[in-house]
Structures are given as C-alpha cells and as structure tokens.
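The structure under discussion appears below in the form of structure tokens.
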Amino acid sequence: MKDTIISLLNEALATLKRRGVVPEDTSPAIKVDPTKDKAHGDYASNLALMLAKPAGKQPRELAELLIDALPKSDAVRKVEIAGPGFINVFAATDAVARIVPAILDAGDTFGRSLTGAGQKVQVEFVSANPTGPLHVGHGRGAAIGDCLCRLLEATGYDVTREFYYNDAGAQIANLALSVQARVKGLTPDDGAWPEDGYRGAYINDVALGYLAGDTVDADDQHVTAAADGDDLEAIRRFAVAYLRREQDLDLKAFGVEFDVYFLESSLYSENKVEETVQRLIAGGHTYEQDGALWLRTTDFGDDKDRVMRKSDGAYTYFVPDVAYHLNKWQRGFKQVIDEQGADHHSTVTRVRAGLQALEIGIPSGWPDYVLHQMVLVTRSGVEVKLSKRAGSYVTLRDLIDEVGRDATRYFLAARRADSQLTFDIDLARSQSNDNPVYYVQYAHARVCSVMRRAESDGLPFDLAVAREHLALLEADQEKALMNRLARFPEVVEHAAASREPQQIAQYLQDLAADFHTCYNAVKVMVDDGATRNSRLALGLATRQVIRNGLDLLGVGAPEEM
RNA sequence: GCGCUCAUAGCUCAACCGGAUAGAGCAACGGCCUUCUAAGCCGUAGGUUGCAGGUUCGAGUCCUGCUGGGCGCGCCA
C-alpha cells in the first residue's frame, strides 16, 4: 500500500516537472508515513512541504497541484490536503486488506527481505572472560547481540556470531591461582588466599572437579583434570575449560549459540600479535619513549597516545584487540558489529585508531559498536547485588532460573542499549497484564484459542472464502490492525539498519494492543461464513506476525497461556 | 578537569533518516464477562519533552552552552 502511494506521488511529481511547476533537478526522497490519527487518513506525505522551497510556491498550493496530477487508483478512496500542506491518503478498504493474504502466503518469511544481499557480517558479543559465570550485563549483551543477528539474518545478511575470550592474560593467571588455593584447601577468608583472588563459590566447584579428575567438554575444549595441586598450568587449562563450559550452558539455556569462539591465546601462538605490531611500525605511527613502544593514536582522534609495548616487554591489552580486528578484516568481513558494555567504550577509539594506523584501507568508522549501559536488578523494590554462586554479582543463570528464558530475553532486549536498564524481577515474574511479555504472548494464544474453537465448532478456516470477502474487514479496529501488520517489514528493516532490537519489542506491544482492541470490538465466530472466514484470516495473519516478531527476539509464542 | 552517553506523565518506557493535537503500559478513578481466553477491553485524569539559546515553514529529534545521573580517562584487562 505504502509503495503504491509512493509510486503514485512519483508520477504526480514527474507531471509537475514536465509542466515546469517544479524544477527538473529536484528529487526529494518521497516520504510516506502511516498516520497517527485516523482523521488524517491511512498515510500522509510531506512531499508538498519538501517541494515548497525549490518550486517557490506555498506548500498547500503545491499539494493541490500534486493531487490534481495524481493518477487514478482503485487503492485510494480519498485524498486531502491538511495542516501546513500534508497530503493525506485514505486507502480503499480492500486495498488495506490485501496485506492479510499476503502475510498468510509469506508465512514465516513475512517481514524478511533481501536488503543485505547475502553480504557477510560478523557480530561479536558477550565475549566474557572465562573467569566465572556470566552476569546480567553479559545477559543484556547476549540478548541484544543475538537479536541483532536475527534481525540481520532476516534482512538478508550472512551472519557470523562470534565470541572472543581472553584465555591468556593476568585475569586467567589470577583464576588459576584462586582455584589452586581452593585445591589446597584454602578459603577466601584465609590469610594465604591470593590477593584479588576470585572468591565466588564456583571456584570451589572447579577445584573439586579438578581433584576428582573430571573431564570437561566445552564447545572447543576437551580437558581432563590432572588432579595435581602443584601443576598450575594444568589447573589453568582445566579451570578455563570448566568455566567455558559453564558459560556455554548458560548461553544455551538462554537460547544463544555462537558460530565461532575465538581465543585470544591463538593470536599469540600464531604470532598474530607480533605481526600486527610490525605492521603498525611499518605504518609509521609509532615511536619509542621511556623504554616503551607507543602508538600515535592522537593521529586518529584519541586524546593521548597509547603504549603498545610496556617497558617490561609485554603488550598492553589493546594490541591483541587490534590484531584480532585485523584478523576479522582479513577474513573478509566488511561489516563488523561489536556489542559490548559501555564500560569498555574507551577501547572504541583505540581499536579504530590502531586499525587506521595499519594504513591498509580499513574505513575509519570500522568496526561498528553497539554499547549497552549497565543493568540494575531489583526485587521488591530493592537492588539485588549478590548471587550465591558468583558472590559479587547477579548471574544470568539466576535470572533465567527465576523468571524464565522468554521474560529474561524480552526484558533485556526491549530497551534501548544506551539507556540504563532496571530489571524488575517481580515484574518479569508476574503472570499479569503488568508484564509486557505476557501481553504479547497472550495475543498469540488468543488467536490460537479462536482457531481451536473454529475447529471444535466444525467451522474450520477456509482461506478461499476469506480471499473473496476481505473487503468485509471494514471496522476501524480491523483497519488499524491491518495497517499495523503492513508496517512489520519496514519495522524489521529499520530495527536492523539502526541496530536497535528494542524497536521490535515496541512494535509487538503496539500490535498486541491493536489486536486485543479488535478482539473485544469484533466477534470472530459469527454465523456468516464470509465474515467469519475473513476475520479468521485477519487473526491468523496477526498470529503469524506476532510469531515472526517474537522469533526475532528469540522469545517463544505459546499456543495457550 | 576532559571524553562518551542518557534526561519525555507520579513510575517503567515509545515516538519510524525533523512533521500535524508528544504516545503506550503500570499506579488512580469509573465502566464491560448468560457471547470466541477478563493475563483482555472502553472511558476519565495525568506534560513548559531537565534549563537557556540557535538553525527553519516546522524541533522531543539537529547545533551551542548549562544542570543532573551513568561510564571511562593506567606502561590494568
């Protein structure tokens, strides 16, 4: 419908150009928006306002000329000029209703597009160090990252989900020492406990597994414990694998799976870090000072230069980061999105600067970043800070166990990434209309219930009958619902392009509201077969779009509540 | 102090590359189940979009300054 209007306006515009009313060289991006107020029709365009200046005419006068030049179409019932010069289009009922069979025919593919044209895009997210269970912040990253991937897949991209983890470094050494202390029977309260050691209860589980000689099969690691308390390297390997497996189980429970786990240690073992350093030196943006090697990141917008190689010979953390991203580039990802916590935002400038300094043609804005703000968890209005297992933070597993996967995913993905999120456990648990997840799922279940009723009444849905009588869907509530359904593809498109999964959640709220309104206003199971089947068709189309939308969020669509 | 980010109804949040009278839900109040799931619907009330300027036909949206919250600012990761 929207496309129809755009093409009609385009023809009108061409006519005005021929008549010399509008200069030939003006080509405004014609914008047609669904109206907020149904008194303004179904769609409105600001074309006349856009053309006013180049044409040197009053917007309302131009709008009139445009409408006169508009080709006749049976999809349009009425066109009006309103306000400062908006062109309001009232769609013919049967034209609006065409969306219903279109959705039913498209099924699961409704809302999908080929925009991405099969281009490769990589999304890196979660990327937690294997030093403990995933926390809520990781959960937010997992929800946003995975939904982004689903959105990109739905818009035709070839998506790779990647998880990068630091399995080398100081934090891992600390992990190994902590586990070793437990292996030797120490507790965090003992004086001999390692300084800054990990104190969570899970460390003891790792130690017990190690002493028992357990074998761990993580996604990419298979380690059998040496059970030797003095072999720190063996403890390290076991602990990393153990916690990787634990994180993996958390992610599976959350419905998130990765295509690639990338080990930081591989960058060292394959000499990629050293190679990157040599390239940076060759690029000419480095210098030696105070016994250290510096990268002149100020050449690329940083506020001060950064040390690459410390005077003790070790590299600072962002050097392997640059090496890692060079590797992504070399793997052919022209589009990369890094989803991470906003507490790491200072790495953005550094990594990009490092990539620029390579002087190998990487665009300055590459990679893309989506940064999410912190998550605060509350129960009974009070902040929850601790979990039994991790000690110092609330784990993702705690939330999944307590409020369920669907609600957890929905809540974590339903807010803009760059605003702080308060996760209200009571709200997420509540089986009531306070809870947005249930509100949407209930709409889906309601359609299913009507369909069951149709079956049990011996009046099964007949699509052929529905197709003949779609013009019967003429109640205001039905039209509003159909207009909403028709918008789904562009909502998906926009959410993907702007990297904002929460737009899908918002849309589903609106769609569910339109449906519930319709449900209460218009009875489906009426005696007249033509009316009944067209209404059933509208219900089925709604169910399909809710299902498709929930699937983009990774949330289930139950058939009954 | 510098940088990034956020600020919208009492609360939690929307507002689709700048569009018409800023929208939902919750909380409050009043209605609707002998009819398909009342986990729902309808109605009432609730706003100087943090403050002050600017850009223009038009600003919650873009620009500048300020105030307040979060995060970051190490030869830590």
Side-chain angles (χ1 to χ4, degrees), chain A residues 29 31 33-37 39-40 44-46 49-50 52-53 58-59 82-86 88 129 166 169-172 264 289-294 302-304 306-318 320-321 341-349 371 373-374 376 414-422 424 427 430-436 438-439 441-443 445-454 456-457 477 487 490-491 493-495 497-498 500 502-503 505-507 509-510 512-513 515-526 532 535-536 539 560-561:
Chain A
K31 202 173 153 190
D33 290 323
T35 53
K36 290 171 189 162
D37 184 341
H40 298 144
S45 177
N46 63 347
L49 295 163
M50 304 287 286
K53 190 161 278 184
Q58 293 300 315
F86 289 99
N88 291 339
N129 289 341
N166 172 336
Q171 295 187 43
I172 298 298
E264 186 190 14
Q289 185 181 304
D290 303 328
L293 179 65
W294 295 69
D302 204 352
D303 52 359
K304 61 174 98 162
R306 305 291 168 178
V307 170
M308 295 169 57
R309 189 171 55 219
K310 298 182 274 183
S311 50
D312 68 2
Y315 293 114
T316 53
Y317 74 95
F318 87 97
D321 252 13
D343 53 340
H344 291 103
H345 69 71
S346 63
T347 66
V348 174
T349 310
L371 305 178
Q373 295 286 337
M374 53 174 280
L376 180 74
R415 299 267 178 276
R416 292 172 54 102
D418 53 17
S419 66
Q420 293 165 42
L421 169 62
T422 299
D424 182 337
L427 178 59
S430 72
Q431 308 250 317
S432 75
N433 55 357
D434 309 2
N435 190 332
Y438 286 91
Y439 185 78
Q441 289 183 326
Y442 180 48
R446 257 187 159 173
V447 178
C448 294
S449 172
V450 175
M451 294 311 294
R452 285 192 296 270
R453 179 61 172 253
S456 66
D457 285 359
Q477 295 90 341
R487 291 183 56 187
E490 57 176 295
V491 170
E493 199 70 46
H494 191 265
S498 58
E500 294 189 352
Q502 93 280 353
Q503 291 182 10
Q506 183 66 37
Y507 172 82
Q509 293 291 306
D510 294 339
F515 171 75
H516 288 308
T517 294
C518 209
Y519 181 90
N520 279 276
V522 180
K523 186 168 163 59
V524 176
M525 292 305 293
V526 294
R532 184 179 66 246
R535 289 177 183 169
L536 281 169
E560 32 190 332
M561 302 294 283

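So you know, we letter chains A, B, ... as the sequences are listed, proteins then strands, and number each from 1. Since the model is a prediction, treat every value here as computed from it, not as a measurement.
- Regarding Glu560(A), its CD atom lies at a distance of 15 Å from the C1' atom of rC36(B), rounded to whole Å.
- The pairing partner recorded for rA28(B) is rU44(B), the criterion being a Watson-Crick or G-U wobble arrangement whose two distances lie under 3.5 angstrom.
- Of the candidates rA77(B), rG70(B), rA39(B), the closest approach to any side-chain atom of Asn129(A) belongs to rA77(B).
- Spacing between atom CG of Leu376(A) and atom P of rU12(B) amounts to 11 Å, rounded to whole angstrom units.
- As judged by a 4.0 angstrom heavy-atom cut-off over every strand, Gln420(A) is placed among the base-contacting residues.
- Taking side-chain N and O atoms only, Lys304(A) has no distance below 4.0 Å to OP1 or OP2 of rG3(B).
- Residue-level contact check: Pro34(A) touches the bases, meaning some heavy atom is under 4.0 Å from a base atom.
- Contact of Tyr317(A) with rA77(B) (side chain to base): a donor-acceptor pair of N or O atoms is detected under 3.5 Å.
- OP1 or OP2 of rA77(B) has at least one side-chain nitrogen or oxygen of Lys310(A) nearer than 4.0 Å.
- The listed nucleotides are rC13(B), rA77(B), rC36(B); the one nearest the side chain of Ser449(A) is rC36(B).
- Remark: Arg446(A) is not positioned above the aromatic ring of Phe515(A), lacking an NZ or CZ atom under 6.0 angstrom from the ring centre and at most 45 degrees off the axis.
- Applying the 4.0 Å criterion to OP1 and OP2 of rC17(B), one finds that His494(A) has a side-chain N or O inside that range.
- Pair assignment for rA7(B) gives rU67(B), based on Watson-Crick or G-U wobble hydrogen-bonding distances that are each under 3.5 Å.
- Glycosidic conformation of rC36(B): anti, with the torsion beyond 90° of 0.
- Taking only side-chain nitrogens and oxygens, Tyr439(A) comes nearer than 4.0 Å to OP1 or OP2 of rC41(B).
- On a pure distance criterion of 3.5 Å, a polar donor-acceptor pair joins the side chain of His345(A) and the base of rG3(B).
- You won't find any donor-acceptor pair under 3.5 Å spanning the side chain of Arg452(A) and the base of rC36(B), going by distance alone.
- A donor N or O paired with an acceptor N or O is not found under 3.5 Å between the base of rA20(B) and the side-chain atoms of Asp33(A).
- In this structure, rG74(B) forms no base pair with any nucleotide, since neither Watson-Crick nor G-U wobble geometry is met with both distances under 3.5 Å.
- Looking at Ser311(A), its side chain comes within 3.5 Å of the base of rC75(B) through a donor and an acceptor atom.
- Between Arg446(A) and the phosphate of rA38(B), there is a side-chain N or O to OP1/OP2 separation shorter than 4.0 Å.
- Base contact: Tyr519(A) has a heavy atom under 4.0 Å from a base atom.
- You'll find a donor-acceptor pair under 3.5 Å spanning the side chain of Asn46(A) and the base of rG19(B), going by distance alone.
- Electrostatic pairing of Arg415(A) and Asp418(A) does not count as a salt bridge here, judged by no charged N lying under 4.0 Å from a carboxylate O.
- An OP1 or OP2 oxygen of rC16(B) is reached within less than 4.0 angstrom by no side-chain nitrogen or oxygen of Ser498(A).
- Val447(A) comes within contact range of no nucleotide atom at all, as no heavy-atom separation falls under 4.0 Å.
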